[in-house]
Amino acid sequence: GSSSASSGSGSGSSGSGSSHVTLRLGFLANITHASALVGLNKGFFTKNLGSGVTLKTSVFSSGTEETTALLAGQLDAAYVGPNPAINAWQKSSGKAIKIISGAASGGAALVVKSGITSVSQLKGKSLATPSLGNTQDVALRYYLKSHGLTTTQTGGGDVSIKPIKPNSAAVLQFKSGQIDGGWEPAPYDSEMVADGGKVLVNEASLWPGGKFVTTNLVVAQSFLKAHASVVSGLLKGQIAANDYINKNTSAAETAANAELTTLLGKGLKSSALAASFKEITFTDDPIASSLATDAKHAVAVGLLQPVSLNGIYDLGPLNTLLKADGQAQVSP
Amino acid sequence: MAIETPQEPAAALAGLDQLELAPPQQAKRHILAKTWAAAWPKLLALVLALVIWQLVYLSGFKSAILPGPATTLTDLWHQLHHAQLWSAIGTTLRRAVIGFALALVIGTVVGALVSRIRPLRAAVGSLITALQTLPSIVWVPFAIILFGATTTAILFVVVMTAAPAIANGLIAGADFLPPLLLRAGKTMGLRRVSLYRHVIMPATLPAFVTGLKQGWAFGWHGLIAGEVVVIILGQPSLGVFLSNDQDQADMAGAISIILVILAVGIAVDLLFNLVNGRIRRRWGVADNSAS
Amino acid sequence: MAIETPQEPAAALAGLDQLELAPPQQAKRHILAKTWAAAWPKLLALVLALVIWQLVYLSGFKSAILPGPATTLTDLWHQLHHAQLWSAIGTTLRRAVIGFALALVIGTVVGALVSRIRPLRAAVGSLITALQTLPSIVWVPFAIILFGATTTAILFVVVMTAAPAIANGLIAGADFLPPLLLRAGKTMGLRRVSLYRHVIMPATLPAFVTGLKQGWAFGWHGLIAGEVVVIILGQPSLGVFLSNDQDQADMAGAISIILVILAVGIAVDLLFNLVNGRIRRRWGVADNSAS
Amino acid sequence: MTTDPGLDETRTGAAIRIDEVSKTFGRGDTALVALDRVSLSVAPGEFVCLIGASGCGKSTLLSLVAGLDAPSSGELSTGGRRTALMFQESALFPWLTAAKNVEMPLRASGVPRAERRERVAELLDLVQLSAFGDKRPHELSGGMRQRVALARALAQDADVLLMDEPFGALDAMTRDLLHEVLEGIWRRRQLSILFVTHEVREAVRLGDRVVLLSSRPGRVIGEFGVDFERPRGMDSAQTVGLAIKIKDRLREEIVRHGH
Amino acid sequence: MTTDPGLDETRTGAAIRIDEVSKTFGRGDTALVALDRVSLSVAPGEFVCLIGASGCGKSTLLSLVAGLDAPSSGELSTGGRRTALMFQESALFPWLTAAKNVEMPLRASGVPRAERRERVAELLDLVQLSAFGDKRPHELSGGMRQRVALARALAQDADVLLMDEPFGALDAMTRDLLHEVLEGIWRRRQLSILFVTHEVREAVRLGDRVVLLSSRPGRVIGEFGVDFERPRGMDSAQTVGLAIKIKDRLREEIVRHGH
Ligand SMILES: Nc1ncnc2c1ncn2[C@@H]1O[C@H](COP(=O)(O)OP(=O)(O)OP(=O)(O)O)[C@@H](O)[C@H]1O
Ligand SMILES: Nc1ncnc2c1ncn2[C@@H]1O[C@H](COP(=O)(O)OP(=O)(O)OP(=O)(O)O)[C@@H](O)[C@H]1O
Ligand SMILES: [Mg+2]
Ligand SMILES: [Mg+2]
């Protein structure tokens with residue numbers, strides 16, 4: 001842990017004219033947010049933000065709480081999944097946040113009991129997802145729908161979907177035979193495999209190029225307006241972190257786990273750690289198309305009101321930096 | 001053995017204790033007034049709460065995330081017109097009642113034993129409070145391991161959270177039993193079970209009812225925690241609704257469910273109050289709350 | 001105004017009330033015996049629990065998921081040798097104590113007002129119980145909205161879960177206040193605040209302490225729920241440990257943390273028992289629990 | 001606080017005025033008339049004893065006078081005088097020691113700590129319980145509790161003292177002693193006392209006047225002035241003589257009432 | 001249950017035997033010797049009255065005899081007889097009506113319901129409270145509560161009756177009546193009674209023997225046989241005469257003890 005300033009409750013979003021800015025960054029304590037973990041552990045953020053900025057991190061256990069904090073003005077920037085990002089966008093009618101970068105892609109699979117070998121065998125089975133309307137939940141429902149299997153939000157239909165929290169409870173229920181499988185993110189999918197499950201669908205296989213967004217970096221619009229340079233510093237840190245992860249994977253694993261250990265008191269088991277890093281790709285590309293598709297799917301399965309995502313991205317700062325860095329630019 | 005009364009002095013004294021009954025008064029006249037007296041503060045509180053809420057909303061405080069009363073109540077109104085919500089309320093209430101009934105039996109037996117058997121008290125007395133501090137999610141994995149994803153698992157969580165509170169209520173009551181009453185019971189030849197039934201139990205009734213109330217509240221913690229994890233097909237429940245709404249950051253929906261839970265809680269408390277009021281009238285402590 | 005005593009009869013009567021003191025007895029002799037009396041049932045219970053656990057484990061019941069005592073205690077032993085765990089216990093306990101202290105103040109004030117002001121009681125009395133039934137996770141979003149991901153947010157959750165229980169304890173006590181004592185206080189010229197301070201408060205102390213115990217337990221529910229959601233950097237806490245272990249399906253670890261929470265709960269209950277025992281001795285109800 | 005032992009000029013008329021007071025408990029079928037148009041007044045500085053059968057409404061009357069309960073009809077007044085009530089049960093606070101119980105009314109009227117301590121010691125001495133100041137009520141005998149309650153009532157420095165069978169649980173000797181104590185205080189403080197007792201000789205021993213109440217519903221059915229000199233003895237011929245007269249009168253009333 | 005009113009052959013000797021009994025409350029500095037080597041025995045069918053100053057240990061002695069407390073030293077026995085105790089405070093169960101309070105000992109000894117109802121009605125009638133059977137203790141006056149407690153104690157059908165100031169809160173008339181009632185039952189049931197009172201004339205009125213206890217610590221300091229004929233009057237010359245003798249003796253003791 002290299003960056004925490006617990007002083008004051010920080011209202012950096014207003015800037016309030018002082019030269020000193022506090023940036024309140026939220027993320028989740030899991031490997032899909034490894035960009036944040038490594039960035040903090042290796043000091044990429046503090047270095048790039050400079051001495052004029054105090055970085056204050058808030059760690060949550062679920063994206064919903066992050067959305068809540070963002071909308072309540074308690075966070076300036078946050079690593080969030082696609083769903084919380086869409087939620088925050090929709091709830092504030094496009095006024096609260098902007099996605100300024102991607103962070104991670106991939107890392108989810110449908111794992112089922114070993115006897116099940118085809119989609120059609122799922123009929124009458126019960127499957128877990130992390131929570132109603134989250135990315136995996138939508139993916140599963142849409143996948144079943146496109147294979148002609150019906151589901152309902154209350155667990156009815158051809159396939160019974162049970163949103164089970166926490167994810168570990170789903171693993172436990174799978175292990176003790178209460179459910180037949182689940183569409184779970186890393187490392188829980190690998191844990192279910194370790195408990196005798198088998199990957200029926202790797203989510204990556206459903207997406208063009210095997211890429212779909214798992215983690216975004218969003219900022220509060222007010223903060224972006226007031227402190228563009230700080231946001232740019234944050235992005236620099238994140239690019240550096242992802243770079244580091246991709247170039248020194250095993251060192252990054254160690255760093256991420258070290259950061260998790262400070263946060264949670266105990267890191268991941270090495271098997272889970274390795275599996276997660278293997279499944280997840282860390283990229284600054286927000287894979288905008290997958291977000292739109294994701295939203296469309298959610299609307300299709302009735303878990304989202306139709307929403308226009310026009311303007312949810314502000315990738316200008318990222319592209320400026322990528323260009324300067326000699327990397328490929330990304331498109332919304 | 002019949003007891004004979006000396007006749008003369010009794011007759012002379014009869015007038016001494018002659019009961020004079022007042023003419024039956026306008027007995028039921030007050031029923032409307034009473035209902036009104038109980039209702040208006042609640043209504044006033046409700047209106048006040050709504051007004052404050054609306055003012056907060058209008059002030060724009062956290063309005064990106066905090067819905068106003070209009071939005072929320074509309075949401076609630078719509079949900080109330082769906083069979084879904086009613087079915088969820090039904091399911092959750094049924095589980096609450098069954099779980100509570102089980103906890104009642106277990107908590108009462110445990111509380112009775114622990115409060116009366118000294119070594120048992122020393123052994124597990126403190127454990128009961130410690131069990132109460134365990135967050136309800138702790139029980140969920142055990143419930144799943146023991147009972148799978150079944151209603152029984154949910155009930156298990158309810159019992160594990162509610163029973164210690166009920167037992168503790170009983171123990172607390174027994175601790176402050178007036179010793180004179182206990183001695184009176186003993187000189188009458190009441191022993192063990194009959195002493196418990198005829199003296200200790202009724203004497204601790206007030207504390208016991210308080211314990212029941214706490215047990216009910218604790219049970220709900222367990223119930224919702226259980227319902228979120230153990231989802232049973234075709235049985236929508238308030239726990240699932242709440243967690244779904246929270247997951248989707250649907251604050252209006254979540255607050256609607258919270259209001260439903262509060263309404264149930266208030267209804268149950270009114271029920272407890274009926275019992276409590278009855279006990280208080282019996283004990284002659286009904287007029288205490290007046291200043 | 002001094003009161004003069006008639007001298008002669010008093011002198012004649014002095015012997016009547018002469019206090020005879022017994023020779024100082026072997027006063028402290030019993031301290032070891034007492035400790036032993038308190039300790040052996042606990043030890044026995046512990047040993048019994050371990051033996052049963054081991055037997056269950058040996059029977060192979062769900063042994064894929066349920067660890068045996070050896071595994072678990074080794075895990076616990078290792079954790080106890082890490083500064084991490086101690087720091088987590090420290091953090092969580094500090095939050096518990098601060099949150100509880102806040103809840104104590106708020107709960108007492110609310111309880112005092114609600115128990116004494118009749119319309120207020122009618123208005124929000126039932127709401128207090130209803131608030132208790134709200135699962136602790138309900139408060140988490142509100143905590144985050146109001147306070148962000150801060151310790152204050154966690155404390156908010158603790159207060160919201162603990163305070164209603166404390167208020168309810170006070171209300172329950174006031175409900176069963178012996179009316180004679182209230183009247184005695186009133187004839188003495190005690191009014192409102194002084195009546196509360198000198199009569200109602202001490203008379204309801206037993207119920208109040210019970211309420212505190214329940215509040216403490218409820219507070220832990222809120223505390224763990226809050227700690228799980230709002231993780232504060234550099235402050236490992238029992239809630240985070242517990243949820244992390246559960247997330248990683250590390251049952252041995254989770255049970256270790258549960259044992260730690262139980263140990264804290266037992267320690268705190270023993271503290272409550274000290275207070276309770278003192279009150280009981282004062283009130284002269286100390287010997288009730290003997291059969 | 002009137003420390004002047006003389007009559008306060010602003011207070012005219014009776015110290016206690018009870019005017020056609022009725023009290024009914026309950027409603028409807030189970031209603032019970034405890035007092036029926038009772039009228040009685042106690043002059044300032046007067047010592048009035050109240051006698052009546054068990055359950056005739058004496059305690060009820062005292063609690064009406066003390067303002068702890070409202071009459072169903074009629075009027076009561078103590079002309080704004082400070083009123084102390086000693087209950088039939090000792091009504092001590094179980095969580096306080098004997099000394100602290102006696103101290104409570106002093107705290108209520110804001111007497112400073114040092115003076116309080118002194119007064120408490122005096123009062124406990126007065127009721128012969130100096131050695132028991134630090135005992136709690138459950139460690140005292142019935143009679144001791146009653147004496148603590150007496151000390152507590154005296155601690156109130158009231159002008160009007162209402163006493164409900166204050167010496168019922170005391171042995172003859174202690175009772176005799178406390179009669180003298182009470183008489184002394186009554187004289188010095190110019191108290192107005194309404195004193196309930198079942199012991200007719202005690203009423204004659206202490207009272208300026210003895211008032212008889214009929215049994216349920218309570219009504220005033222007779223009054224006896226006691227005009228012989230104080231201090232009187234409980235067993236003196238005069239006392240016993242009047243007591244027998246009063247008893248006869250009571251018996252007569254009861255028999256008539258019963259038919 | 002011995003329904004035969006005659007003496008049970010298997011029970012020989014005293015109905016109550018108190019042998020060198022001491023009782024100390026507390027320990028160390030605050031220890032208090034309540035009873036000091038008290039010896040006393042009550043023969044089967046005997047009516048013994050106990051008199052002593054306030055706080056001298058009478059209630060303590062009764063609760064030792066009833067087995068509610070253990071003596072610090074010495075021995076007590078009632079030879080396995082059924083013992084009923086009427087407490088100094090009425091000790092009624094506040095959650096039960098008067099009738100149900102009286103019924104409780106009958107339930108405890110398994111009397112069938114129909115008989116219970118009948119017995120309760122009789123007992124309430126005996127204490128003149130037939131009309132108050134369905135009232136709860138807080139709705140009764142002090143004297144009424146005491147009478148309910150008396151009825152409850154009589155409901156126990158015990159062989160040994162321990163009574164702690166049972167008539168302290170009653171007016172003279174009711175008390176006279178209940179004296180007769182108690183005397184009648186005592187005779188018919190051949191009860192052994194240990195009766196605590198502060199009223200010396202009451203002790204003489206009822207007792208076969210009057211035992212005097214010294215003040216703290218309680219010791220037996222005197223005994224008076226009462227051999228004149230029953231029924232005796234409270235105000236009869238014989239009664240008053242012996243009472244004065246006993247009082248003098250008491251006063252003497254106290255003065256000596258006090259120096
Ligand atoms: N709270 C109450 N509710 C109903 N009835 C009551 C209440 N208090 C008193 N009574 C009734 O009023 C009557 C008078 O009671 P009160 O206590 O005044 O009698 P008392 O004259 O003091 O008798 P005692 O000499 O036995 O103390 C009794 O019949 C009693 O039952
Ligand atoms: N539980 C107790 N703890 C300590 N001291 C006690 C306890 N019970 C009684 N005592 C003391 O024992 C002594 C005798 O008390 P007891 O009640 O037997 O007196 P008593 O003769 O019944 O007096 P009274 O006539 O006033 O009722 C008293 O000094 C009292 O303070
Ligand atoms: Mg009375
Ligand atoms: Mg006594």
Side-chain angles (χ1 to χ4, degrees), chain A residues 62-74 80 83-84 86-88 90-93 95-97 124 126 128-134 137 152-157 159-179 220-222 298 303-305, chain B residues 56 60-67 71 82-85 87-88 91 135-154 157 224-255:
Chain A
S62 91
T64 315
E65 272 79 26
E66 277 191 290
T67 310
T68 305
L70 271 171
L71 292 177
Q74 300 283 5
V80 293
N83 234 63
I86 295 173
N87 253 329
Q90 187 188 30
K91 288 269 137 59
S92 63
S93 317
K95 295 206 183 70
I97 57 131
S126 57
T129 62
S131 68
L132 183 70
N134 95 323
D137 189 60
T152 72
Q153 290 189 24
T154 48
V159 179
S160 157
I161 296 185
K162 299 179 172 185
I164 296 175
K165 271 187 301 187
N167 305 55
S168 57
V171 178
L172 190 63
Q173 290 192 29
F174 181 69
K175 207 169 169 179
S176 52
Q178 318 288 335
I179 51 174
Q221 291 183 13
S222 53
L303 283 170
L304 189 68
Q305 299 294 313
Chain B
V56 168
F61 178 75
K62 313 273 182 190
S63 61
I65 180 79
L66 272 185
T71 324
H82 269 291
Q84 281 272 356
L85 180 65
S87 147
T91 305
S136 19
I137 41 160
V138 157
W139 298 112
V140 174
F142 294 102
I144 292 175
I145 290 172
L146 289 174
F147 303 105
T150 59
T151 305
T152 315
I154 298 176
V157 179
I224 302 286
E227 285 191 338
V228 170
V229 179
V230 182
I231 297 155
I232 290 166
L233 198 67
Q235 297 192 355
S237 66
L238 289 179
V240 172
F241 278 24
L242 180 67
S243 87
N244 281 349
D245 284 338
Q246 288 199 339
D247 279 344
Q248 303 197 49
D250 179 357
M251 278 301 263
I255 295 179

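When reading the values below, keep in mind they use all heavy atoms of this one structure, side chains included, and skip hydrogens, waters and symmetry mates.
- Among A/A170, A/G156, A/S131, A/S176, the residue with the largest count of heavy-atom pairs under 4.5 Å with chain B is A/S131.
- Heavy atoms closer than 4.5 Å to chain B are found nowhere in A/A96, neither backbone nor side chain.
- Looking at B/S87, its side chain never comes within 3.5 Å of a backbone N or O of B/A83 through a donor-acceptor pair.
- When all heavy atoms of B/T71 and B/A252 are compared, the closest pair comes out as CG2-CB, 4.4 Å.
- Both the backbone and the side chain of A/T68 have a heavy atom closer than 4.5 Å to some heavy atom of chain B.
- The contact between B/V228 and chain A is made by backbone and side chain atoms together, counting heavy-atom distances below 4.5 Å.
- Chain A forms the most heavy-atom pairs under 4.5 Å with one residue out of B/S243, B/P236, B/P67, and that residue is B/S243.
- Within the 4.5 angstrom heavy-atom criterion, atoms from both the backbone and the side chain of A/L303 approach chain B.
- Contact record, B/E227 with B/L238: OE1-N, 3.7 Å, taken as the closest heavy-atom pair.
- Atom NZ of residue A/K91 and atom CE of residue B/M251 lie 10.0 Å apart, to the nearest 0.5 angstrom.
- Proximity of a side-chain donor or acceptor of A/N134 to a complementary backbone N or O of A/T129 within less than 3.5 Å is not detected.
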